[in-house]
Amino acid sequence: MKTLWGGRYRGVTDELMWAFNASIAYDRRLAQVDIRGSMAYARALERAGVLPHEEVRAITDGLQLVADEFDRGEFRFAPTDEDIHTAVERRLGEMIGPVAGKLHTGRSRNDQIATDIRLFLMDELAALGDALRHAQSSIVAQAERHLHVLMPGYTHLQPAQPVRFSHWLLSYFWMLERDYQRMADLLRRVAVCPLGAGPLAGNAYGIDREALARDLGFNGVTENSMDAVSDRDMLLETLSWAAILGTHLSRLAEDLILWSTAEFGFVLLDERYTTGSSIMPQKRNPDSMELVRGKSGRLTGNLMRLLTVVKGIPSTYDKDLQEDKEPLFDTLDTLEMLLPIVAGVVETLQVNEDKMRAALVEGLLATDLADYLVRRGVPFREAHGLVGQAVLQSEERGVPLSKLPYEVYQAISPAYGPDLYAALDYEASVEARNMRGGTALEAVREQLERAQAILAK
Ligand code: ARG
């Protein structure tokens, strides 16, 4: 096998080693950004007076032809193409002759690949940001449609306090909003140009790195060439961002899976997002949400995979870093499917208001009864105990708190007045929580407006 480093070699690379070493099977996805980077680098060489205009013209025109071949799906890989960089350069040589060999002046595949993945990520993150926004919009739309619906809120999966369905749903909007912010923040660190770092020590041809960075749409340049060629923080951040986002979506999925069971029946997933069973005709399985839950494991695994690869490598580029691409691509591809699926499920979700109402049990109002006693001057800790006794009585007698006779309350404590029954009201409970971030109608409306304002930006 003829190689790039043929000069100092007498023999050939072992065949298995060749396959082991090659990354072309997956880094071919970087073709367009690799070519974009090369075109800009050729222009930088011209500005630095290293290559004359005609040669740079030949190189950039030739690169455009190579890009077109990729676009049309007509690019033919050769068995000697080790990675995307060598493939593009080889093809350029076939098209424009030996002048192609001048493109790599002062550049290394080390700063080249570091540039490629950043360019690639800038495009991908922008697209995923849009998909994330879309998922957020579907949440807001459903919340708005069901502003009034009450349901039991749970802690420890035990009925806790009544809440609005819209309030529950919007809780996921804010999780995804933090994910959006995290993405925008990490994008700032992605958009920094390492080109000109060379293999590790820098570029000896006097190229203007700032101009080169601007040409490629970066916001700035890296400050240390040794750091630049081996920095994969932006990938770790991306995988970490994706793992956290996946965790949020997994929790949403879990809520929806549970609530779509026959036992809960709070929601019904649209047919489009469920599947049947090959043997049990009655089945309508929430596979979409189960896969969302399952794929979060994959996203977390990809983060662990790269963290483990990076942790032991010594300064500057080592081939271990080639292992960065597959987890990255897998994570981006996973999110690309996952986000629209979640948006679709939420958008088409049927909400069963009656089932939610029927699940409201008076135990959910125990805190409100304690609040009632507090308003009558009883210290909260004491009130907690007095309501606990009432709950015990209601369980023993098999009647809800609102059907427990007044004498029973009186016997527990004279602090209970005849107006205690008014505290046992779901609507009143929810409306009492009228503060920013609370579940009262006005508070949820304001929350919804804030969410809408974010989406409108
Ligand atoms: N295929 C390599 C990678 O993905 C490109 C950089 C190769 N650099 C080198 N010195 N062999 O990391």
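Atoms within a ligand are numbered from 1 in the order they appear, just like the ligands themselves.
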* Name the closest protein heavy atom to atom 11 (N) of ligand 1, giving the residue it belongs to and the distance to 0.1 Å. => Arg109 NH2, 3.5 Å
* Asked: Out of curiosity, is Glu82 lining ligand 1, as in a heavy atom under 4.0 Å away?
  -> no
* **Polar contact flag, side-chain donor to acceptor under 3.5 angstrom, Thr86-Arg109** => no
* Asked: For Gln112, is the nearest heavy atom under 4.0 Å from an atom of ligand 1?
  -> no
* Any idea which atoms of ligand 1 are less than 4.0 Å away from a heavy-atom of His85? -> 5 (C)
* Asked: Between His248 and Arg251, is any side-chain donor less than 3.5 angstrom from a side-chain acceptor?
  -> no
* Asked: If you measure only the distance, is there a donor-acceptor pair under 3.5 Å linking the side chains of Asn21 and Glu82?
  -> yes
* **Heavy atom of the protein closest to atom 4 (O) of ligand 1 (residue, atom name, distance)** => Lys325 NZ, 2.7 Å
* Of all the atoms in ligand 1, which lie at a distance below 4.0 Å from a heavy atom belonging to Ser23? -> 1 (N)
* Asked: Going by distance alone, is a donor N or O of one side chain under 3.5 Å from an acceptor N or O of the other, for Tyr426 and Asp368?
  -> no
* Note, Met151 side chain near Phe264 side chain (heavy atom, < 4.5 Å) -> no
* To do: Test side chain to side chain contact (heavy atoms under 4.5 Å, CB included) on Asp330 and Glu326 and set out the steps.
  => CA-CA 6 Å; Asp330 185 69; Glu326 284 168 297; over 6 Å; no
* **Numbered atoms and elements of ligand 1 in range of Gln322, under 4.0 angstrom, heavy atoms** => 1 (N), 2 (C), 3 (C), 4 (O), 12 (O)
* Starting from atom 6 (C) of ligand 1, which protein heavy atom do you reach first, and at what distance in Å? -> Tyr317 OH, 3.4 Å
* Do we get Arg133 above Tyr180's six-membered ring, with its NZ or CZ under 6.0 Å from the centre and within 45° of the axis? -> yes
* Before signing off on this row, confirm whether Asn110 and ligand 1 have an N or O atom pair separated by under 3.5 Å. => yes
